[in-house]
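First up is the structure itself, then whatever we jot down about it.
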Amino acid sequence: MRQKRLKSRHFGTAGADVMRVLKIECPECGSKAVIRKTNRKHRQIADIYCACADVECGHTFVMNLTFSHTLSPSAKTGDMMMQKWLNSLSPDQKQMAFDLLKPAAAAV
Ligand SMILES: [Zn+2]
């Protein structure tokens, strides 16, 4: 059930923009550069090894890719937090949460 929600969420976003890829310019001549290798140091930090596509330039260089900030929180981590929280509840607390959610569920 969770999978379905994630899927519809993914396909709900504007089609062409999702497929947009990272474009790299050579810092020496401004031509298009290609990524030769990605060295992921951390989930949020990577070194990107690039080569200028202009044969007359031939510049090879390393760019840093770092995570900046979240715009919309991950649905995965939100669901995981809720699962952990629900598992930590006693049966009485679970019943209480269920009773609290009842009116909201009936309204949908
Ligand atoms: Zn270049």
Side-chain angles (χ1 to χ4, degrees):
M1 196 172 161
R2 209 181 87 201
Q3 287 266 320
K4 265 187 192 162
R5 195 162 62 84
L6 288 173
K7 259 189 186 171
S8 65
R9 190 181 247 240
H10 177 74
F11 289 114
T13 49
D17 283 340
V18 174
M19 296 306 288
R20 190 173 287 169
V21 291
L22 182 67
K23 285 205 176 77
I24 293 171
E25 270 183 19
C26 171
E28 289 296 320
C29 73
S31 295
K32 204 182 131 210
V34 290
I35 298 169
R36 292 267 180 244
K37 195 177 90 176
T38 304
N39 186 11
R40 194 162 297 278
K41 296 170 155 181
H42 181 267
R43 208 180 275 185
Q44 299 183 358
I45 306 164
D47 279 344
I48 299 185
Y49 289 75
C50 312
C52 181
D54 186 336
V55 287
E56 288 177 25
C57 174
H59 184 210
T60 55
F61 53 96
V62 180
M63 302 281 261
N64 296 130
L65 185 72
T66 55
F67 169 80
S68 175
H69 58 278
T70 298
L71 293 174
S72 173
S74 163
K76 282 187 176 179
T77 50
D79 286 354
M80 260 162 57
M81 273 169 62
M82 200 171 72
Q83 267 176 27
K84 271 188 194 167
W85 176 73
L86 282 171
N87 288 338
S88 72
L89 296 178
S90 70
D92 281 355
Q93 286 174 319
K94 278 181 186 166
Q95 186 57 52
M96 192 199 272
F98 183 71
D99 289 343
L100 287 168
L101 287 168
K102 256 184 191 169
V108 175

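Numbering of residues begins at 1 and proceeds along the displayed sequence. Every number for a ligand or one of its atoms is a count from 1 in the order of the listing.
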Original post:
Would one find more than 12 heavy atoms of other residues, nucleotides or ligands at under 6.0 Å from atom NZ of Lys94?
Top reply: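 Enclosed: over 12 neighbouring heavy atoms sit under 6.0 Å from NZ of Lys94.
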Subject >> Three-point angle Cys57:SG, the Zn ion (ligand 1), Cys29:SG, rounded to the nearest 10° >> reply: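 That angle works out to 110° after rounding to 10°.
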**OP:** To the nearest 10 degrees, calculate the angle at the Zn ion (ligand 1) involving SG of Cys26 and SG of Cys52.
**Re:**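 Rounded to 10°, it measures 110°.
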Subject >> From Thr66 atom OG1 to Lys41 atom NZ, the distance as rounded to the nearest 0.5 Å >> reply: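 The OG1 atom of Thr66 sits 11.0 Å away from the NZ atom of Lys41.
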Original post:
Any N/O/S atom of His59 sitting less than 2.8 Å from the Zn ion (ligand 1), backbone or side chain?
Top reply: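 No - counting backbone and side chain alike, His59 has no N, O or S atom under 2.8 Å.
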Original post:
Donor-acceptor pair, Thr70 side chain versus Pro73 backbone, under 3.5 Å?
Top reply: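 No: the side chain of Thr70 does not pair with the backbone of Pro73.
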Subject >> Gln95 and Asp99: side chain donor to acceptor below 3.5 Å >> reply: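 A donor-acceptor contact under 3.5 Å links the two side chains.
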